[in-house]
Structures are given as C-alpha cells and as structure tokens.
J.: 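Have a look at the structure that comes next, please.
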Number of protein chains: 2
Amino acid sequence: MTTSSVDQQIRSRLGDAGVRYTTGRQRVTSALVASDGPRSAAELQTQLGSAIPLSSLYRSLAVMASAGVLAPHHGSQGVTRYELAEWLSGHHHHLVCIDCGSVDDIELPDALEATLHELVDTVADEGHFVALGHALEVEGRCKACK
Amino acid sequence: MTTSSVDQQIRSRLGDAGVRYTTGRQRVTSALVASDGPRSAAELQTQLGSAIPLSSLYRSLAVMASAGVLAPHHGSQGVTRYELAEWLSGHHHHLVCIDCGSVDDIELPDALEATLHELVDTVADEGHFVALGHALEVEGRCKACK
DNA sequence: CAAGAATCGAGAACGATTCTCATTTTCAAT
DNA sequence: ATTGAAAATGAGAATCGTTCTCGATTCTTG
C-alpha cells in the first residue's frame, strides 16, 4: 500500500516542527483519516485495538495538534475529540448529536460557505476583532439516536 | 428592587419542571444575566464571593440546564460554561478567544441571522436530519489577549 | 558505533465534575 | 400554623478525562 498524499503532508509538517512521525502516530492519523468526524483518545484506543497506551496517545494527539496537524474539538463530559486540521481535510462543519454527543462532519455547498464566510467577516469588522476561524455547529440527532 | 421579567420566566419554567428556585439559584442566574458570555462554575463562585459551595453550584447548574433554563458551552481544558438559554437571552453566537479560552457573546444583524438560518436548514435538508439548533463560533482574540 | 534528541510506557498526579449522605429548607395539604 | 414528603444544601469522598514524571527505548546524525 502506497503512502497517501495526506500522510506525506503530515510527515512534512511534523518534520518542520521537529516532531517525529512514528508508526504509532501514523496509526493514529490513519484512523482519523478513515473517520467521518472527530475522535476522542478513548475512541481511538478502541479503534486501534488498545495497541497504544493512553499516555502515549494523549501525548501524540497534543504534539500533533500543536504542530497544526490535528484540530481539537471540545465536547460534553469534558471529552476532547481530534480530527485532521482543515488544511488537510478541507473546511467543514459539525453535526453534534444532542443525545449521545457524537460529532459528524458536514459540508456546506460552496455558495453557502462563501456566504457564511462573508457573514463572519462582517461580524468581526463590526466587533473590531480579527476572525481567525469559524465553526458552525448544527445540533440534531445522529443516525443512531434518531 | 422588583423581580425582573427574566427572573419570573425562570421561576415559572423551573416550577413546571418541579425544580425549586432558591435564593442560591437566583444569585446564580442573576450573575449570568449580568454576564456578557458563558461562565464556568469556578468563575461564578468567584463572582458570587465564594458564597456557594462548588457541589451545590454544580448541582444547580446541572438541574437548571436540564430544565432548559441554562445552556452549557464546552470549552478547552474540560471546562463547561453556562449561560441563559436562548429563549431567555435571545439568540446569539460566540467569539472564542484562542489564547485564553474566554467566550464573549456576539450578535448577528437580523439580515445575516436570517441568512444563516436558511443556510442551516438547507444543510439539514440535504443531510436528512432535523436541525434543532445551531451555533456559530468565531475564533479570534478577546480584548484582554489582543 | 556514539551522543543527543525525541518518544515510549507505566503509573502517579491533577483538576473539573459528580456522587454520597446526613442535615436543612421548602411546598402543599391538612 | 403544623406536618410530612420532596427537594436542596454542604462537606467530603469518589470519578474520570487528561497531564505529568521518569527511567527505558528508539531514532537521527556525525
């Protein structure tokens, strides 16, 4: 199996930050690439068959997040879920299940995304701050809870 | 000082849920009414002069949230902040500081809010789920961190 | 191969939150 | 007003996600 393009981008970015892309970390990112939404440390550990101890897992997630490869998402019960950063996975938004707390990615059609972006810039201008990013969270029920 | 309209709405809603609106809880909600963004249990305790033990404070926040009077907001470091529910305070969005994690309320002009609402409905239709709410989070830096 | 840097693994430590339980307060019916 | 049931309180222990510590291990580079 050939190393994917995303994998090479990650390796490059981590290298620039002096962070090693070990096999354990590759397993983490490939699990996230295969996911359709953010994953918590516990979820990843299960997904990876308990192969990685929690302490290492948390450290790797933190290191890769501060290197800009992963993006954290704070959910209910104090659980932090991670997903690929936007420059790797593309800009998208989240559907948060009000029952189980799971998070699915949703994408906005380009036209709507453009509208939203303008909207955020307008708000930022009026509030005299710089918008460095934005996230739209839609609350609903996931397929499992519907 | 006359009991405010919001206070009466809260009392009524809590009463319907079989939840008592004690003086301690009134102090909590009035602190939230006076706030310009969500507040954590620790922040509220400070704001209230340590008059309410944390265990009671957490319980009151949880009870009032499940009665629909307060809305939780999950931030970094596993901290949950609460604010008045939308039917009490009006619909608004959040400016989350990427440095200190503080959250300020921001309001969208009516026209933009209408646009955003349509946008969310469109996404929900296409994804075959019901949008029960939405929250736009703009990331930036608060006044203190700017 | 050797030295230094980064990572790993196991367990302890931490901090926000929740739980337990005995006591106290509130509300409603009498 | 009195009383009894339901709900809330306060103090502390317990829980749980996460972070830290530290000795052992694995790169990477010369």
Side-chain angles (χ1 to χ4, degrees), chain A residues 10-29 38-67 69-82 100-103, chain B residues 3 7-8 10-29 38-67 69-83 100-103:
Chain A
I10 293 174
R11 164 169 279 110
S12 165
R13 170 77 94 119
L14 290 179
D16 291 348
V19 172
R20 292 176 189 159
Y21 197 32
T22 60
T23 58
R25 288 173 185 177
Q26 286 177 52
R27 273 188 286 171
V28 170
T29 56
R39 292 286 178 268
S40 68
E43 289 163 348
L44 285 170
Q45 199 186 41
T46 299
Q47 195 167 337
L48 297 175
S50 303
I52 301 181
L54 273 182
S55 59
S56 292
L57 189 43
Y58 275 111
R59 206 169 352 152
S60 293
L61 291 171
V63 164
M64 291 194 285
S66 71
V69 165
L70 301 183
H73 178 271
H74 305 291
S76 56
Q77 301 141 26
V79 174
T80 301
R81 290 164 211 265
Y82 292 85
C100 72
S102 72
V103 182
Chain B
T3 301
D7 220 52
Q8 293 188 27
I10 293 173
R11 163 168 279 110
S12 164
R13 170 75 94 116
L14 290 179
D16 291 348
V19 172
R20 292 177 187 159
Y21 196 33
T22 61
T23 58
R25 288 173 184 178
Q26 287 177 51
R27 274 188 287 170
V28 170
T29 56
R39 293 287 179 266
S40 68
E43 288 163 349
L44 285 169
Q45 199 186 41
T46 299
Q47 195 167 337
L48 296 175
S50 303
I52 300 181
L54 274 181
S55 59
S56 292
L57 189 44
Y58 274 111
R59 203 163 355 133
S60 292
L61 291 171
V63 164
M64 290 194 285
S66 71
V69 165
L70 302 184
H73 178 270
H74 305 291
S76 57
Q77 302 140 25
V79 173
T80 302
R81 291 164 211 266
Y82 292 86
E83 63 186 340
C100 71
S102 71
V103 183

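So that the names make sense, note that chain A is the first sequence line, chain B the second, and so on, each numbered from 1.
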J.: So, is A:Tyr58 near the phosphate of D:dT19, with a side-chain N or O under 4.0 Å from OP1 or OP2?
T.: no
J.: Respond yes when some side-chain nitrogen or oxygen of B:Thr23 is under 4.0 Å from OP1 or OP2 of D:dA8, and no when none is.
T.: no
J.: Can you tell me how far C1' of D:dC20 sits from CG of A:Leu57, to the nearest Å?
T.: 16 Å
J.: Between A:Arg81 and B:Gly24, name the one whose nearest nucleotide on DNA chain D is closer to the 5' end.
T.: B:Gly24
J.: For C:dT17 and B:Thr80 - does any side-chain N or O of the residue sit under 4.0 Å from the phosphate oxygens OP1/OP2?
T.: yes
J.: Please pick, from D:dA8, D:dA11, D:dT18, the nucleotide with the shortest atom-to-atom distance to any side-chain atom of A:Ala41.
T.: D:dT18
J.: Measure the distance from CD on B:Gln45 to P on C:dT17 and round it to the nearest whole Å.
T.: 12 Å
J.: In whole Å, I'd like the distance from the CG atom of B:Leu54 to the C1' atom of D:dA11.
T.: 11 Å
J.: Has the side chain of A:Ser55 got a donor or acceptor atom sitting under 3.5 Å from an opposite partner on the base of C:dA10?
T.: yes
J.: Nearest-nucleotide wise, let me know which of A:Arg59 and A:Ser40 is further upstream toward the 5' end of DNA chain D.
T.: A:Ser40
J.: Does B:Gln26, at its CD atom, have more than 12 non-hydrogen atoms belonging to other residues, nucleotides or ligands within less than 6.0 Å?
T.: yes
J.: If you look at every strand shown and take non-hydrogen atoms under 4.0 Å, does A:Ser56 touch a base, only sugar-phosphate, or nothing?
T.: base
J.: Take B:Thr80 and B:Leu61 through the side chain to side chain contact (heavy atoms under 4.5 Å, CB included) test and state the conclusion after the steps.
T.: CA-CA 10 Å; B:Thr80 302; B:Leu61 291 171; over 6 Å; no
J.: Please walk me through it: do B:Met64 and B:Val28 pass side chain to side chain contact (heavy atoms under 4.5 Å, CB included)?
T.: CA-CA 10 Å; B:Met64 290 194 285; B:Val28 170; 4.0 Å; yes
J.: On a plain distance test, is the side chain of B:Arg25 in donor-acceptor contact with the base of D:dA8 below 3.5 Å?
T.: no
J.: What is the distance, to the nearest angstrom, from the OH atom on A:Tyr82 to the C1' atom on D:dT18?
T.: 9 Å
J.: In this structure, how many angstroms lie between the C1' atom of C:dA6 and the CZ atom of A:Arg11, rounded?
T.: 15 Å
J.: Between atom CZ in A:Arg27 and atom P in C:dT7, what is the gap in whole Å?
T.: 16 Å
J.: Which comes earlier along DNA chain C counting from the 5' end, the contact point of B:Ala62 or that of A:Ser60, where each point is its nearest nucleotide?
T.: A:Ser60
J.: Please state how far atom CG in B:Leu61 lies from atom C1' in D:dA8, giving the value in whole angstrom units.
T.: 14 Å
J.: Can you measure B:Arg20 atom CZ to C:dT24 atom C1' for me and round it to whole angstrom units?
T.: 11 Å
J.: Does the side chain to side chain contact (heavy atoms under 4.5 Å, CB included) test come out yes or no for B:Arg25 and B:Val19, once each step is laid out?
T.: CA-CA 11 Å; B:Arg25 288 173 184 178; B:Val19 172; 3.4 Å; yes
J.: Can you check whether B:Tyr82 reaches B:Pro72 side chain to side chain, under 4.5 Å on heavy atoms?
T.: yes
J.: Any idea which of C:dT17, C:dC8, C:dT7 is nearest the A:Val19 side chain?
T.: C:dT7
